[in-house]
Amino acid sequence: GYTMTQEEFTSFTYPELFQHMRQGLVAEAALLYDLDKDGKVSVDELLTKKLSLPSKAINEFKKGTLNIEEHPNILGLTDSNEDGYFNKKELGYWLMENRRLIRKKEADKIFKDMDQDKNTRVSFPEFQNTAHHIKFSSIGSYIKEEL
């Protein structure tokens, strides 16, 4: 059967960490988010149709005043030349930075939840007792979706 090395597994589950995987991730996102198939990803396509932001939030995004705490899924997303479209560089930065920051936040929360005795370390028994936190996280969901 098929086997993976630890590096292959890590690049599969965290493609943003590996340069050779980033290009494929960005290309796939560009195809996925280009809903009208015109070769470009518009602000409307991504924010309205894919991320389901209300028009008020889209206007705030365009003005640069959108509260990221209320919409963490757009963390790192910018239309830097303000042309109404996200180029591959902008999409790439958003995908990599957003995923990295969200996973870091999630990892911090999971660790905090698993550290039952609050000694800033997770013992093996604590890990065994709380492993469901990983299973039901986006990391666990991502692994299930890809497999």
Side-chain angles (χ1 to χ4, degrees), residues 1-53 57-58 61-62 64 66-147:
Y2 181 76
T3 61
M4 285 189 266
T5 65
Q6 182 175 353
E7 183 174 334
E8 289 168 334
F9 178 77
T10 303
S11 71
F12 177 71
T13 55
Y14 294 98
E16 65 273 14
L17 299 177
F18 296 85
Q19 186 62 42
H20 72 282
M21 296 293 286
R22 290 179 193 166
Q23 293 169 348
L25 187 65
V26 172
E28 184 179 336
L31 288 173
L32 180 68
Y33 299 142
D34 179 15
L35 301 177
D36 63 10
K37 305 301 177 204
D38 66 353
K40 300 182 274 186
V41 178
S42 72
V43 170
D44 181 60
E45 287 172 316
L46 186 59
L47 299 184
T48 304
K49 296 175 185 164
K50 280 294 178 189
L51 300 179
S52 302
L53 291 182
I58 293 169
F61 173 82
K62 290 177 181 177
L66 184 63
N67 183 343
I68 297 298
E69 291 296 317
E70 293 176 16
H71 303 282
N73 57 340
I74 66 156
L75 187 63
L77 183 62
T78 59
D79 177 15
S80 55
N81 60 2
E82 299 178 356
D83 65 352
Y85 294 93
F86 299 112
N87 62 38
K88 286 187 180 181
K89 185 176 180 181
E90 292 164 337
L91 275 177
Y93 179 80
W94 169 62
L95 288 167
M96 300 314 127
E97 190 63 8
N98 185 269
R99 289 169 68 115
R100 186 186 68 76
L101 291 172
I102 286 176
R103 290 231 172 118
K104 171 78 171 97
K105 244 180 162 175
E106 183 177 47
D108 291 348
K109 182 185 178 331
I110 290 171
F111 185 87
K112 186 177 176 182
D113 292 344
M114 293 177 91
D115 181 17
Q116 295 178 318
D117 63 8
K118 306 301 179 209
N119 69 348
T120 69
R121 301 182 63 77
V122 174
S123 67
F124 188 64
E126 286 174 321
F127 180 83
Q128 287 178 309
N129 292 335
T130 59
H132 64 279
H133 287 285
I134 294 171
K135 183 178 180 181
F136 296 108
S137 70
S138 70
I139 298 164
S141 298
Y142 179 75
I143 291 170
K144 277 194 311 196
E145 285 173 17
E146 294 300 320
L147 296 177

Take atom CZ in Phe127; do more than 12 heavy atoms of anything else shown fall under 6.0 Å from it? no
So, the side chain of Lys118 versus the backbone of Lys112: is there a donor-acceptor pair under 3.5 Å, distance only? yes
Just to verify, what does Asp108 make a side-chain hydrogen bond (donor to acceptor under 3.5 Å, both in side chains) with, not counting sequence neighbours? Lys104
Using side-chain contact (heavy atoms from CB on, under 4.5 Å), reason through Phe61 and Leu77 one step at a time and then give a plain yes or no. CA-CA 9 Å; Phe61 173 82; Leu77 183 62; 4.1 Å; yes
In Å and rounded to the nearest 0.5 Å, what is the CD to CE distance from Gln19 to Met21? 12.0 Å
With sequence neighbours left out, the residues meeting salt bridge (charged side-chain N to carboxylate O under 4.0 Å, His left out) with Lys109 are Asp113
Here the pair of heavy atoms bringing Asp34 nearest to Gly39 is OD2-N, 2.7 Å
Do the side chains of Glu45 and Phe86 get nearer than 4.5 Å, heavy atoms only? no
Nearest-0.5 Å distance, CG of residue Leu66 to CD1 of residue Ile74: 4.0 Å
What's the separation between atom OH in Tyr33 and atom CG in Leu51, rounded to the nearest 0.5 Å? 6.5 Å
Of all the heavy-atom pairs spanning Glu126 and Val122, show the shortest one and how long it is. OE1-CA, 3.2 Å
So, taking the atom named OG in Ser123 and the one named CD in Gln128, what distance separates them when rounded to the nearest 0.5 Å? 8.5 Å
Got a sec, which residues hit salt bridge (charged side-chain N to carboxylate O under 4.0 Å, His left out) with Asp44, two or more places apart in sequence or on another chain? Lys49
Indicate yes or no for a side-chain donor-acceptor contact from Lys62 to the backbone of Ala57 under 3.5 Å, with no hydrogens or angles considered. no
For Asn129 and Pro125, indicate whether the former's side chain and the latter's backbone hold a donor-acceptor pair under 3.5 Å. yes
When rounded to the nearest 0.5 angstrom, what is the spacing between NE2 in His71 and CG in Leu53? 5.5 Å
Met114 and Thr130: which non-hydrogen atoms are nearest, and at how many Å? CG-OG1, 3.1 Å
Between atom CH2 of Trp94 and atom CG of Asp79, what is the distance when rounded to the nearest 0.5 Å? 13.5 Å
Is atom CD of Glu28 surrounded by more than 12 heavy atoms (other residues, nucleotides or ligands) closer than 6.0 Å? no
Angle between ring planes, Phe18 versus His20, binned at 30° and 60°: parallel, tilted or perpendicular? perpendicular
Flag side-chain contact, heavy atom, 4.5 Å: Glu90 against Val41: no
